A.B. asks: 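Below you'll find the structure I mean.
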Amino acid sequence: MYPDIKPFETGRLNVSDIHDLYYELSGNKDGTPVIFLHGGPGGGCDEKDRSFFDPTKYKIILLDQRGSGKSLPSASLEDNTTWDLVKDVERLREHLGISTWHVFGGSWGSTLSLAYAQSHPDKVKTLVLRGIFTLRASELRFFYQDGASHLFPEAWDEYVAPIPEAERGDMMLAYHAQLNSVDDQTRIVAAKAWAKWEMATSKLFVDPEYLARAEGDEFANAFARIENHYFINNGFMRDGQLLEKQEIDKIRHIPCVVVQGRYDVVCPATTAYSLKKVWPELELHIVPDAGHSSREPGIAKLLVEATNKFADL
Ligand SMILES: CNCC(=O)c1nnc(C(C)(C)C)o1
C-alpha cells in the first residue's frame with residue numbers, strides 16, 4: 001500500500017433535513033477521480049483507506065456515509081437507506097464537478113458500489129471490489145445466525161451473551177431491540193458485542209488492534225446500529241437484486257476487478273463466485289491465505305495492483 005498521506009481538502013455536504021456528510025480529497029488535485037465507499041454500513045472511512053491509490057495519479061475522494069464516521073448526526077437511522085446513499089454519491093459527484101469516476105468498495109462498500117453502478121452506469125469508469133456482499137438472506141444468516149459461528153465458537157459465545165436464550169432464534173431481531181433500547185447501557189453493551197463479533201472474525205489471524213476498534217463507543221454505536229438497521233430491512237432491496245441478470249447487464253461493460261479472501265467468513269466467497277457467474281467479464285482473484293479485511297496482505301496487494309492498472313483508463 002502507498003505511504004500515509006493527508007487530505008488537501010475536506011468538506012461537508014448537506015444532503016437532507018438532518019444529514020450532513022463529511023468528505024475529503026487527497027492525492028493529485030488534477031488526478032483521475034476515485035470515490036472510496038466504506039464498509040459496514042456504518043463503518044466510516046479510515047485514513048489508511050487513501051493508501052490503496054497512487055497519490056500521483058488519483059484524486060482520492062473519501063466519503064463518510066450517513067451516520068458514519070465524521071458525518072452527522074452519528075448513528076442516525078432516519079432517512080438512511082441504500083438508495084439514499086446512492087443519491088448521496090451522485091450529489092457528491094455533482095458537487096465536486098466530476099463527470100465520471102472510478103469506484104472502489106469492499107464488503108458493504110462493494111454492495112453500495114454495485115447499487116450505485118447499476119443506478120448510474122454512465123458515471124462509472126471502473127470498479128474495484130473486495131469481499132463481495134449483496135445482503136441476501138443467506139449471506140446474513142450465515143454470519144449472524146448459523147455459519148461463521150461454527151468456525152469462531154469462542155467469539156460467537158461473546159456475541160450471543162447479551163441476548164436472552166429465548167430470543168437467540170433470530171439474533172438480528174433480538175439485537176435490533178437492544179440496539180434501539182431506551183436504556184443507554186443496553187444499547188452500548190449490545191453495540192460493542194455486535195461490533196466485536198465482526199472485528200474478531202474479519203482476519204485469518206485475529207488482530208488485537210482490529211478487535212480494539214469495537215471498544216470505541218462512537219464507532220461501535222454507529223457501526224452496529226446502522227448495520228443492523230440495513231440488515232433487518234434486507235438492504236432495502238429484493239433478495240439477490242444486485243446479482244439479477246437485468247441489473248448486471250447494465251454494468252457488464254465496466255472494467256471490474258474483484259478481490260476475495262478464500263477464508264472470508266463475513267462475506268463468504270460464494271457471493272463473489274455468483275457474481276462472476278453472472279458477470280464473466282469481471283476479473284476475480286480469490287486469495288488463498290486471506291479472510292475478510294482489506295488489510296490482509298494478499299488482498300491489499302491485489303487491490304493496489306488493480307488501482308494501478310485502472311489509473312490510466
Ligand atoms: C457485514 N459488514 C461487513 C462490512 O461492510 C465491514 N466489515 N468491516 C468493515 C469496516 C472495515 C468498515 C469496519 O466493514
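Note: hydrogens, waters and symmetry copies are ignored here, and every other heavy atom, side chains too, is used. Because the structure is predicted, anything quoted here is derived from the model rather than measured. Counting starts at 1 for both ligands and their atoms, in listed order.
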A.B. asks: Can you tell if the side chain of Phe231 reaches within under 4.5 Å of the side chain of Leu135, non-hydrogen atoms only?
C.D. replies: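 In contact.
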A.B. asks: Relative to Phe219, does Arg213 satisfy both conditions: NZ or CZ under 6.0 angstrom from the six-membered ring centre, and within 45 degrees of the ring's axis?
C.D. replies: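 That pair qualifies as a cation-pi contact.
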A.B. asks: Less than 4.0 Å between a side-chain N and a carboxylate O, is that true for Asp88 and Arg66?
C.D. replies: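 Looking at Arg66 and Asp88, the cut-off is met.
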A.B. asks: Regarding Glu158 and Lys192, does a basic nitrogen lie under 4.0 Å from an acidic carboxylate oxygen?
C.D. replies: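 Lys192 and Glu158: not salt-bridged.
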A.B. asks: Protein N/O near ligand 1 N/O, under 3.5 Å, which pairs?
C.D. replies:
{"unit_1": "ligand 1", "atom_1": "2 (N)", "unit_2": "Gly40", "atom_2": "O", "d": "2.9"}
{"unit_1": "ligand 1", "atom_1": "2 (N)", "unit_2": "Glu198", "atom_2": "OE2", "d": "3.0"}
{"unit_1": "ligand 1", "atom_1": "2 (N)", "unit_2": "Glu227", "atom_2": "OE2", "d": "2.8"}
{"unit_1": "ligand 1", "atom_1": "5 (O)", "unit_2": "Gly40", "atom_2": "N", "d": "2.5"}
{"unit_1": "ligand 1", "atom_1": "5 (O)", "unit_2": "Gly40", "atom_2": "O", "d": "3.3"}
{"unit_1": "ligand 1", "atom_1": "5 (O)", "unit_2": "Ser107", "atom_2": "OG", "d": "2.7"}
{"unit_1": "ligand 1", "atom_1": "5 (O)", "unit_2": "Trp108", "atom_2": "N", "d": "2.9"}
{"unit_1": "ligand 1", "atom_1": "7 (N)", "unit_2": "Glu198", "atom_2": "OE2", "d": "2.5"}
{"unit_1": "ligand 1", "atom_1": "7 (N)", "unit_2": "His292", "atom_2": "NE2", "d": "3.4"}
{"unit_1": "ligand 1", "atom_1": "8 (N)", "unit_2": "Glu198", "atom_2": "OE2", "d": "3.4"}
{"unit_1": "ligand 1", "atom_1": "14 (O)", "unit_2": "Gly40", "atom_2": "N", "d": "3.1"}

A.B. asks: Are any of the side-chain nitrogens in Asp64 or Arg12 under 4.0 Å away from the carboxylate oxygens of its partner?
C.D. replies: no
A.B. asks: Honestly, is Lys125 close enough over Phe310, meaning NZ or CZ under 6.0 Å from the six-membered ring centre and within 45° of the axis?
C.D. replies: no
